[in-house]
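A short write-up of the structure that comes next.
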Amino acid sequence: QVQLVESGGGVVQAGGSLRLSCATSSGTVSGDTVGWFRQAPGKDREFVAAISRSGTSTFYAAFMKARFTISRDNDKNTVDLQMNGLKPEDTAVYYCAVKASSGVYYDAQSYNFWGQGTQVTVSS
């Protein structure tokens with residue numbers, strides 16, 4: 001059973017930064033595309049960013065680019081999401097997920113394993 005654990009969430013003022021980290025208990029992260037999604041209260045889960053297994057390809061939701069950066073360390077089995085210039089509308093629970101099958105990177109249905117999420121709250 002693959003287990004993903006997110007960390008790094010918290011409360012930050014608008015304009016601030018947070019770095020989220022996703023770690024796995026197995027070696028799965030090193031071999032698959034990993035994505036970050038978020039879900040705000042009353043809203044659907046939405047794609048944030050994804051990174052290929054090698055780390056050479058990264059993908060971002062249009063409204064995230066230039067503020068967020070996804071990176072991975074396959075030796076440590078971690079995938080990080082650096083979030084800068086945070087806005088109140090970024091408030092959500094952030095999830096990391098592993099895509100171990102076919103499907104597009106921005107579709108949550110393509111991901112097989114999910115973490116429990118970490119809360120990010122941005123105050124105005």
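- A single hydrophobic cluster is not seen to contain both Val79 and Phe47; linkage of ILVMFWY side chains at heavy-atom distances under 4.5 Å, directly or through other members, places them apart.
- Side-chain N or O atoms of Asp90 include one that pairs as donor or acceptor with a backbone N or O of Lys87 at under 3.5 Å.
- Residues Val12 and Thr121 fail the side-chain proximity criterion, which asks for heavy atoms closer than 4.5 Å.
- Shown here for Tyr111 and Val34, the closest heavy-atom pair between the two residues is CE2-C, 4.2 Å.
- In this structure, Glu6 contributes its side chain and Gly117 its backbone to a donor-acceptor pair below 3.5 Å.
- At a threshold of 4.5 Å between side-chain heavy atoms, the hydrophobic network of Ile, Leu, Val, Met, Phe, Trp and Tyr places Phe37 and Val93 in one connected group.
- You'll find the side chain of Tyr105 stays beyond 4.5 Å of the side chain of Ile51, heavy atoms only.
- Closest heavy-atom contact between Lys99 and Asp32: O-CB, 3.4 Å.
- Aromatic pair Trp36/Phe68: ring centres not closer than 6.0 Å.
- Distance check, rounded to the nearest 0.5 Å: SG of Cys22 to CD1 of Ile70 gives 9.0 Å.
- Between Arg19 and Asp80 there is a salt bridge, since a side-chain N of the basic residue sits under 4.0 Å from a carboxylate O of the acidic one.
- In this structure a side-chain-to-backbone donor-acceptor pair under 3.5 Å is missing from Asn74 to Asn77.
- With a 4.5 Å cut-off on side-chain heavy atoms, Leu20 and Gln82 do not count as touching.
- Between Ala14 and Pro88 the shortest heavy-atom distance is CB-CD, 4.1 Å.
- Taking the side chain as every heavy atom from C-beta outward, Glu46 and Phe63 approach each other to under 4.5 Å.
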Q. Does the side chain to side chain contact (heavy atoms under 4.5 Å, CB included) test come out yes or no for Arg45 and Trp114, once each step is laid out?
A. CA-CA 12 Å; Arg45 190 168 297 189; Trp114 292 82; 3.2 Å; yes
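- Using modelled atom types, no side-chain atom of Thr24 and backbone atom of Leu4 make a donor-acceptor pair closer than 3.5 Å.
- Side-chain contact check for Asn112 versus Val98: every heavy-atom pair is 4.5 Å or farther apart.
- Pairing each heavy atom of Gly9 with each of Val120, the nearest pair is CA-CG2, 4.2 Å.
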Q: Apply side chain to side chain contact (heavy atoms under 4.5 Å, CB included) to Met83 and Tyr94, showing your working.
A: CA-CA 11 Å; Met83 306 188 296; Tyr94 284 70; 3.8 Å; yes
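- Taking 4.5 Å as the limit, every side-chain heavy atom of Tyr95 sits out of range of all side-chain heavy atoms of Arg38.
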Q: Go through the steps to decide whether Val48 and Tyr60 satisfy the test side chain to side chain contact (heavy atoms under 4.5 Å, CB included), and finish with yes or no.
A: CA-CA 6 Å; Val48 176; Tyr60 297 93; over 6 Å; no
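- Side-chain N or O atoms of Thr91 include one that pairs as donor or acceptor with a backbone N or O of Val122 at under 3.5 Å.
- Side chains of Phe59 and Thr33 form no contact here, defined as non-hydrogen atoms less than 4.5 Å apart.
- Using a 4.5 Å heavy-atom threshold, the side chains of Thr69 and Leu81 count as separate.
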